[in-house]
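Notes to accompany the following structure.
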Amino acid sequence: MKIRDWAIDDRPREKMLHKGISSLSDAELLAILIGSGNQNETAVQLSQRILQLANNNLNELGKLSVKDLVSSFKGIGEVKAITIAAALELGKRRGSCEPIRRMDIRSSNDAYHFFYPLLCDLPYEELWVVLLNRSNKIIDKIKISQGGIGETVADLRLILKAAIHSLATGIILCHNHPSGNIRPSQLDDKLTDRLQKAARLLDINLADHIIIADDKYYSYADEGRLNS
């Protein structure tokens with residue numbers, strides 16, 4: 001029986017999508033790399049035999065050369081063998097990499113210093129959002145819109161879609177005032193209120209809305225204008 005004839009949840013690619021990559025065995029992961037088996041074996045069966053040659057140990061598998069794989073297994077050509085070697089090398093290099101340390105934002109001043117390089121010299125308005133996890137560490141920053149000298153347009157759907165996609169629990173909104181006046185406009189107030197109400201429905205916290213003008217900033221949180 002070919003893999004395409006298996007139940008959907010048993011096929012390696014579909015299983016990964018439905019149950020997560022950690023649910024796959026080493027043989028199933030290897031089968032995804034090689035893509036197909038031979039006339040007598042599925043990709044998974046062939047992968048199981050390859051692992052048996054390496055005593056079911058990925059470190060031992062990494063010691064096999066491209067020539068070893070090609071000469072030992074029908075259905076493994078040079079391209080597939082190189083793919084296996086490249087994947088194992090990536091895994092080895094990943095182990096030697098240090099995790100990226102995410103910056104955290106604990107105050108309006110932190111947010112101001114984070115956004116200032118992005119917005120300080122612009123002659124037009126830009127609206128950005130920072131996505132935060134539960135520890136207030138930055139997941140991502142996204143430019144939502146770019147406008148004219150006087151104002152920019154915000155689409156709440158784009159902001160909340162980005163937050164949901166990144167599994168963010170908090171967001172900080174920021175835009176600049178090229179005029180140099182840090183006081184929020186009526187449109188700024190309306191945006192802040194609408195976003196806070198919409199985010200709350202999704203259990204996402206609007207931690208602040210920062211307005212940058214030259215070397216000054218306005219914080220809705222510091223001014224007590226965000227309802228807890």
Side-chain angles (χ1 to χ4, degrees), residues 1-106 110 114 117-118 129-143 161-172 202-204:
M1 180 183 293
K2 297 182 179 179
I3 289 179
R4 65 171 175 265
D5 297 323
W6 293 5
I8 291 178
D9 285 346
D10 292 334
R11 302 174 196 170
R13 292 187 182 91
E14 287 80 357
K15 184 177 178 181
M16 187 190 81
L17 291 174
H18 294 156
K19 298 182 179 180
I21 197 166
S22 62
S23 68
L24 271 63
S25 66
D26 290 346
E28 289 170 327
L29 290 170
L30 191 56
I32 289 177
L33 290 175
I34 64 176
S36 61
N38 54 46
Q39 290 181 339
N40 301 315
E41 299 171 300
T42 66
V44 173
Q45 291 169 331
L46 177 55
S47 296
Q48 289 170 337
R49 281 208 305 121
I50 293 172
L51 287 168
Q52 286 173 1
L53 180 65
N55 297 314
N56 291 306
N57 185 292
L58 295 178
N59 288 321
E60 292 299 313
L61 179 60
K63 295 176 183 179
L64 298 179
S65 68
V66 169
K67 184 177 179 180
D68 291 334
L69 292 168
V70 172
S71 62
S72 301
F73 299 98
K74 182 181 179 181
I76 298 296
E78 191 173 75
V79 172
K80 291 183 180 179
I82 289 173
T83 299
I84 294 171
L88 291 168
E89 179 63 21
L90 277 176
K92 184 167 66 176
R93 294 185 187 186
R94 180 186 178 187
S96 65
C97 289
E98 293 186 3
I100 295 175
R101 294 183 178 180
R102 292 176 173 173
M103 174 183 173
D104 56 0
I105 294 182
R106 299 288 178 179
D110 290 342
F114 178 80
L118 297 172
V129 64
V130 155
L131 310 175
L132 305 172
N133 66 16
R134 292 191 181 276
S135 300
N136 289 321
K137 293 188 180 296
I138 296 174
I139 299 173
D140 200 1
K141 66 178 186 296
I142 300 171
K143 184 169 79 170
K161 178 183 178 182
I164 293 169
H165 179 74
S166 299
L167 300 179
T169 58
I171 54 178
I172 295 177
L202 300 170
D203 200 23
I204 297 171

- Above 12 or not: heavy atoms from other molecules or residues under 6.0 Å from NZ of K143? yes
- Message: Other residues, nucleotides and ligands only: do more than 12 of their heavy atoms fall within 6.0 Å of NZ on K137?
- Response: yes
- Note on the structure: Contacts of N56 meeting side chain to side chain donor-acceptor pair (under 3.5 Å) (sequence neighbours excluded), chain-then-number -> none
- Atom pair CG/CG of L58 and L51 - distance to nearest 0.5 Å: 6.5 Å
- Message: Under the rule for salt bridge (charged side-chain N to carboxylate O under 4.0 Å, His left out), what residues qualify as partners of E89, not counting sequence neighbours?
- Response: K92, R93
- Message: Is it true that, when you exclude L17 itself, more than 12 heavy atoms of the residues, nucleotides or ligands shown sit nearer than 6.0 Å to its CG?
- Response: yes
- Message: Which residues pass the side chain to side chain donor-acceptor pair (under 3.5 Å) test with R13, not counting sequence neighbours?
- Response: none
- How many angstroms lie between CG in L132 and CG in D140, if you round to the nearest 0.5 Å? 11.0 Å
- Checking side chain to side chain contact (heavy atoms under 4.5 Å, CB included) against V130, which of I138, I142, I139 comes through? I138
- So do V129 and I172 actually touch side chain to side chain, heavy atoms under 4.5 Å? no
- Which is it for L29 and I21 under the side chain to side chain contact (heavy atoms under 4.5 Å, CB included) test, yes or no, and what are the steps along the way? CA-CA 8 Å; L29 290 170; I21 197 166; 3.8 Å; yes
Less than 3.5 Å apart, which donor and acceptor atoms pair up between the side chains of residues 163-171 and the rest of the protein, not counting sequence neighbours?
unit_1	atom_1	unit_2	atom_2	d
S166	OG	A162	O	3.3
T169	OG1	N133	O	3.4
T169	OG1	R134	N	3.3

- Query: Under 4.5 Å between any side-chain heavy atoms of S47 and I34, yes or no?
  - Reply: yes
- Task: Please list, chain by chain and in numerical order, all residues satisfying side chain to side chain donor-acceptor pair (under 3.5 Å) with S65, sequence neighbours excluded.
- Result: D68
- Task: Would you mind reporting whether F73 and N38 have side-chain heavy atoms less than 4.5 Å apart?
- Result: no
- Are any non-hydrogen side-chain atoms of K15 and E28 less than 4.5 angstrom apart? yes
- Message: Applying side chain to side chain contact (heavy atoms under 4.5 Å, CB included) to L24 and I32, what does each step give before you reach the verdict?
- Response: CA-CA 10 Å; L24 271 63; I32 289 177; 3.4 Å; yes
- Task: Only pairs at least two apart or in different chains count here, so list each side-chain hydrogen bond (donor to acceptor under 3.5 Å, both in side chains) that has a residue in residues 71-86.
- Result: S36-K80
- Item | Atom of A81, atom of V66 and distance for their closest heavy-atom approach | CB-CG1, 3.7 Å
- Message: When you compare the side chain of L30 with that of L33, does any pair of heavy atoms fall below 4.5 Å?
- Response: yes
- Item | Heavy-atom side-chain proximity of R106 to N136 below 4.5 angstrom | yes
- Task: Would you name the heavy atoms of V44 and P12 that are closest together and state the gap between them?
- Result: CG2-CG, 3.8 Å
- Task: State the CD-CG distance between Q52 and N57, to the nearest 0.5 angstrom.
- Result: 14.0 Å
